[in-house]
Every structure is written in C-alpha cells, then in structure tokens.
Amino acid sequence: MFSYPQYAGVEGLILPRELGAAAPLLRSDIFFELGHVNEAQHWACEAIAVKGYTPSNLQRLVQTSILKGEYQIASKCINMLNKTLFYRDWAKHYQRYIKNKTLLNEDKELQGIYSLMPKTDFIVKAEFPIEELESLLKSNKSNKMAYEYLMAHYLLKRNVKKFISHLEDLSNYGYDKIPRHYEEALLAYLSQPKHEPVRLKNYKIDDKTIKDFEELLNILRSYRGNKKAAYTAIMARFGNTYWAYLLYS
Amino acid sequence: MKKFKNIFIVFGIVIVLFIGGILLFSHSAKPKISNYVLVNRTPLIYPDYSETVIPPNIAPLNFKIKEKGKQYYVKIIPAYGNPIEIYSKGSKIIMPMGSWKEMLNQNRGKKFQFDVYVENLKGHWQRFKSINNWIANENIDNYLVYRLIHPGHNFWGKLGIYQRNLQNYDEEPILLNRITDNSCMNCHSFCNNDPNLMMLHIRGGKYGGTLLNRWGNIVKANTKTKFNKAGSYPAWHPNGKLIAFSVNNLLQYFHVVGESRDVLDRTSDLIVYDIDSNSITTCDDISSPERMETFPTWSPDGKYLYFCSAPKLDTYTTIIDGKEELLYNEIRYDLMRIRYYPESKTWGKLETVLSSAGTKMSITEPRISPDGRYLLICMSDYGNFPIYRESSDI
C-alpha cells in the first residue's frame with residue numbers, strides 16, 4: 001500500500017461521499033465486497049439516479065436485492081436486462097435465483113457476500129465509515145476485508161495505538177505471517193519509550209524487517225535525527241514503507 | 001408504371017393479410033370452459049383490487065393474476081348491463097377502456113365482481129371465488145400530482161412534478177428540472193384541491209424558492225427569515241391567503257439490516273406564511289424549543305391547525321458504553337391541534353388529539369377529509385418517516 005504515495009489519506013480507501021456522485025458504483029463496489037449490502041444497494045440506487053438504468057447499475061441492484069431477499073426489485077431489474085442484447089444471459093442466470101432461492105447457496109460470489117452481511121442493525125454514519133467498519137467486524141469477526149480496511153484506516157490516520165489494539169486479532173484472519181506494513185507499524189510502536197506489551201500468539205516479526213528498521217534508524221542517526229536532511233536517503237531506500245509515510249506524509 | 005402499380009397492389013394485399021394474421025392470432029380464441037373446478041378462495045391478483053370502493057371515473061383496474069396457468073379468463077359482472085369478458089394467454093388482464101367506463105357509469109353506488117378462471121398447467125380449468133368491489137357515487141378529482149424521481153437517496157438526475165389523468169393513465173409534466181438547472185423540487189400542494197391555487201418548492205440554485213401560483217399569477221416567495229429556515233411541508237389555509245409550513249432540520253440516515261432509508265428531525269417548528277403581506281408568523285405553541293412540531297394540516301373550516309409533535313431530540317439521547325447514543329427508535333409523535341382565528345390572525349388553545357403514549361406508536365402525516373368528518377394518519381413504531389416502515393403498512 002505504501003509503495004504508492006497516499007496523498008488522499010483515509011479518503012483514498014473509500015471514495016468520499018461528496019465524490020460519490022461522480023462514481024457512485026465504485027462506492028457501491030467497496031461496500032458490496034465488505035458485505036455491507038444495504039450501502040451497496042444504496043449507492044447502486046444513487047448510480048441509477050445520477051447515471052440512469054445502465055446495465056452495471058441494474059446488475060448491482062439485482063445482486064443486492066437477491067441478497068436481501070427483495071425479489072420483486074430483483075425481478076424488475078432482471079426484466080430490464082432481459083431486454084438487452086449483451087446482458088440477457090446474465091439476466092437469465094439470475095432469474096433462476098428468484099424461482100429457486102436455494103441456488104444462492106451454490107453461487108460462490110454471492111454466498112461469500114451473504115456470509116459477511118451483518119445480522120444485527122446499526123446506523124450508518126455520514127462521515128468516514130470507521131464506525132461502520134468496527135461495527136461490521138463486531139457483527140462478523142471473520143470479515144477479513146473489513147479488518148484490513150480498518151487497519152489501513154488506522155495506519156493512514158497514524159493511529160498506531162488503535163492499530164496495535166486490533167493487531168492481536170490477526171490470527172482470526174488466516175494470515176501465515178504478519179503483513180510487512182503491519183510489522184513496520186509494530187516496530188515503530190515498539191521503538192516508542194512508553195509502549196504496552198503486544199501479544200501476537202504464533203507470529204513473530206521477520207528478521208529482514210527488523211534489520212531494515214535498524215538500518216533506517218542508522219540513517220536517521222547519521223543525519224543526527226534531522227529527518228528533513230535524511231529525506232533523500234530514506235526515500236531512496238525505504239520509500240515504500242510505512243516508516244516513510246510516518247516520517248514524511 | 002403499370003408494373004409498379006401491380007407491385008403496390010400485391011404489396012398492399014400482403015400487408016393486409018399480415019396485419020389480419022396478427023389480429024387473428026393475437027386475440028386468443030375464446031376457450032370453451034364447460035368443465036371447471038371451483039376453488040374455495042379468491043385468486044391472488046396484483047394490485048389487490050378486492051373489497052374496495054372505486055370512483056366511477058377511475059381508469060380501468062388492470063391487474064395481474066398471480067396464479068400459475070396456461071390461459072386466463074376474467075368476467076367482470078356489474079349489477080346492471082353486460083359483463084365484460086377478457087381472455088388472455090398471459091396473466092396480465094387489460095380491460096377495454098370503453099366498456100369499462102360504460103360499466104362504471106351505469107353502476108354508480110353498485111357492486112361489481114371479478115370472476116377469475118385459470119387453466120392450470122395440467123389443462124384443467126379452475127374458477128376462483130368472486131372478488132367483490134363497489135363503485136362510489138361520487139367522482140374523484142381527475143388529476144393526481146406527484147414528483148417523479150429515480151429511487152436515489154442523496155443524489156438525483158432528471159426529475160419533475162407530473163400530473164396523471166386518473167381516468168386514463170395519461171401522464172404529463174407540470175415542471176421538469178431540466179429547465180431549472182437540474183435542481184431538486186418537491187413539496188407541491190394545492191389549496192382545497194384547486195389547481196388555480198398551487199405551490200411547490202424548488203430547492204437550491206438560482207431558481208430556489210417557493211413558487212406560488214394564484215389564478216395564473218406565478219410568484220417566487222422566500223420563506224427564509226433571520227429567525228427561520230425556509231419552510232418545508234406545506235398546508236394551505238382554506239382561505240387561500242395563508243400557508244402553514246414546517247421548518248425542519250432533518251437528518252437522513254441509513255440502517256444496515258432491512259430497509260436502509262430513514263429520516264429524523266434534529267429540530268422542527270411550524271410557521272405561517274401570509275401571502276399578501278409576504279410575512280412569517282408563529283407562536284410558542286407551534287414552535288416550542290421543547291418540542292419538534294411538523295406535518296401541519298388545516299381543518300377544512302380553517303379553524304384548527306392540526307400537526308404532529310414530539311419532545312425535542314435531546315430527550316432521546318443517552319450514554320451507552322461511554323458514548324452518546326440517540327435512541328432514535330423511541331421517538332414518537334403525538335397528534336395535536338390548535339385553534340386559529342383567521343380574522344384576527346391569533347391562536348387559541350393547544351390540545352392533544354391523540355397521544356403516542358396511548359397508541360404506543362408514532363403518529364404522522366395527518367390529513368382531514370374535505371367534509372371534515374374523517375382524519376387520516378400514519379402510525380409507525382417510531383419516528384416521522386413512515387413511508388418505509390412496515391409497521392405503518394395498512
């Protein structure tokens with residue numbers, strides 16, 4: 001993630017609401033993958049309001065409506081897609097789901113989304129959806145994408161303390177090892193004079209990351225801690241790390 | 001030239017035969033229903049036109065039969081006159097306009113019935129129990145006015161205020177936003193259902209404001225003052241000189257499970273706009289800081305302003321796990337009314353008409369029948385946005 005300049009900060013994670021009118025379906029895409037189907041449907045409706053009944057807008061409305069069990073809406077959109085030349089097959093495929101609701105269980109994509117859908121209600125806030133991500137996780141602890149977006153949000157916000165508090169949940173999400181940026185944030189945290197102990201069960205920080213961190217500290221020391229003066233040297237060697245983001249972004 | 005003439009004649013005959021063929025085969029031949037099984041229930045139809053009272057000038061009540069079948073036959077039997085018969089290979093039942101209108105005209109105040117026959121997939125005809133409906137004596141107003149908008153939640157594209165002729169489904173625009181810089185518009189309202197006294201809101205942009213049409217004289221009013229935001233939900237006083245408005249600071253919010261859309265007011269008050277003097281007035285009882293007042297509507301004699309009100313929003317906030325939370329699903333509105341004296345433009349006593357403490361439901365969107373005998377309200381489990389609340393369904 002930090003191989004690219006993160007100029008937009010947290011707004012680079014999810015298209016902000018204000019820009020949503022320009023690309024509402026892109027905003028819907030993220031909510032859809034997060035299992036946040038109501039919001040995915042909400043933004044599909046915005047897409048229709050702004051861009052019209054385009055096939056992609058209708059397709060998203062079909063998917064979200066089937067997931068929510070709103071078959072009348074799904075049926076209406078399928079009927080519209082059935083009248084097109086290039087989306088007729090797609091429409092016919094999903095039409096089967098309305099007639100035979102158990103087919104949803106055999107659809108890997110939709111079933112995956114369905115398994116992530118929250119079962120208890122909470123309210124969507126208009127601001128950046130940090131509370132939504134936390135609530136999505138509270139509602140379904142195996143929502144890996146929500147976890148990664150939440151962690152990315154904390155990293156971009158430099159909220160290392162919050163990041164560390166969630167790092168201990170890493171084992172819930174099937175990681176073989178600690179992702180590199182997480183290691184970088186963890187080392188930055190552990191290098192603070194006052195830090196809480198971090199329990200990471202079966203994970204350990206990669207030796208290479210520790211070595212890199214020592215090298216970064218050495219570069220900083222060679223410039224007597226003047227990070228401005230060390231900019232070129234650090235960016236040349238560690239420009240794609242979370243450390244560079246912490247120091248210079 | 002003669003050769004061309006012959007070609008035209010042959011071509012003409014082919015077209016006549018083709019059209020004749022289409023007409024012949026598109027009308028499914030009347031099936032012989034000598035045997036049928038009686039089904040001891042009424043059929044499922046959509047919309048559910050059963051046990052209703054309809055105006056005698058309403059457009060045909062076309063419907064869809066929600067019973068599986070190969071072909072369908074519907075007999076509409078009035079008290080007087082000939083039945084209307086419709087055969088269809090599909091489940092959509094489209095009624096002929098002329099016969100329908102004739103039937104309604106001849107049967108004001110009378111009952112009529114739909115007899116529905118369905119040939120099931122095994123080829124056996126079934127006859128369902130008759131669906132009864134009644135025809136009122138009185139006509140309904142010919143036109144219904146509404147906003148037509150895509151189902152967006154925050155954004156919009158093309159939209160407009162339209163009218164539909166209830167006698168024949170014809171629809172035409174009154175105002176489209178393509179001529180108002182694509183602005184949003186709504187809150188259209190008529191005084192005593194008179195199209196000569198109409199208002200609507202255009203929201204934002206250089207066209208923004210309250211458009212008032214009084215007998216063809218159209219002006220734009222600005223109901224925003226130093227003390228209040230612009231008015232929202234309108235209610236014309238029957239004298240045509242005043243309009244009561246709610247002034248709402250609303251918040252749209254979304255649920256994660258079930259129906260997504262919801263709205264609440266952070267604050268709201270009522271104001272009264274005097275058209276001739278272009279001035280706004282209010283009184284403590286309809287704009288109390290302790291209450292949220294909304295949904296004004298006048299009694300047809302103009303003596304009472306009915307509205308809904310709930311305790312201010314702060315009443316519903318609480319601390320849960322160290323965080324301030326709004327108990328939005330406990331907000332409930334009461335139905336109120338206050339005496340009004342149009343001559344002196346003064347207010348009388350405030351009364352609670354129906355309390356949510358008694359109904360355990362939130363009361364919203366009151367409307368009083370033109371004869372003043374009936375009052376229609378919505379009730380839902382909470383809040384002031386009943387449209388998507390299942391608890392508000394009839």
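Quick note on labels: first sequence line is chain A, next is B, and so on, each numbered from 1.
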Atom [atom1] of [X]: over 12 foreign heavy atoms under 6.0 Å:
| X | atom1 | answer |
| --- | --- | --- |
| A/Lys157 | NZ | no |
| B/Lys158 | NZ | no |
| B/Tyr146 | OH | yes |
| A/Tyr114 | OH | no |
| A/Lys76 | NZ | no |
| B/Asp393 | CG | yes |
| A/Glu196 | CD | no |
| B/Arg266 | CZ | yes |

Can you tell me how far the CZ atom of B/Phe254 sits from the CG atom of A/Asn38, to the nearest 0.5 Å?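 Reported to 0.5 Å precision, the distance equals 10.0 Å.
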
Residue pair B/Pro151 / A/Cys45: nearest heavy atoms and the distance that separates them: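 Residues B/Pro151 and A/Cys45, closest heavy atoms: O-CB, 3.1 Å.
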
Select one option (side chain, backbone, both, neither) describing which atoms of [X] are under 4.5 Å from chain B's heavy atoms.
| X | result |
| --- | --- |
| A/His42 | both |
| A/Lys119 | backbone |
| A/Ser135 | neither |

Evaluate ring pair (Phe, Tyr, Trp, His ring centres under 6.0 Å) for A/Tyr53 paired with B/His150, printing each intermediate quantity in order. CA-CA 10 Å; A/Tyr53 291 104; B/His150 286 294; 5.0 Å; yes

Any side-chain heavy atom of A/Glu46 within less than 4.5 Å of one from B/Asn154?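 Counting from C-beta outward, A/Glu46 and B/Asn154 do come under 4.5 Å.
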
Any side-chain heavy atom of A/Val124 within less than 4.5 Å of one from B/Val256?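 Yes, side chains in contact.
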
How would you list, in number order, the residues of residues 258-265 of chain B that have a heavy atom less than 4.5 Å from chain A?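 B/Gly258, B/Glu259, B/Ser260, listed by number.
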
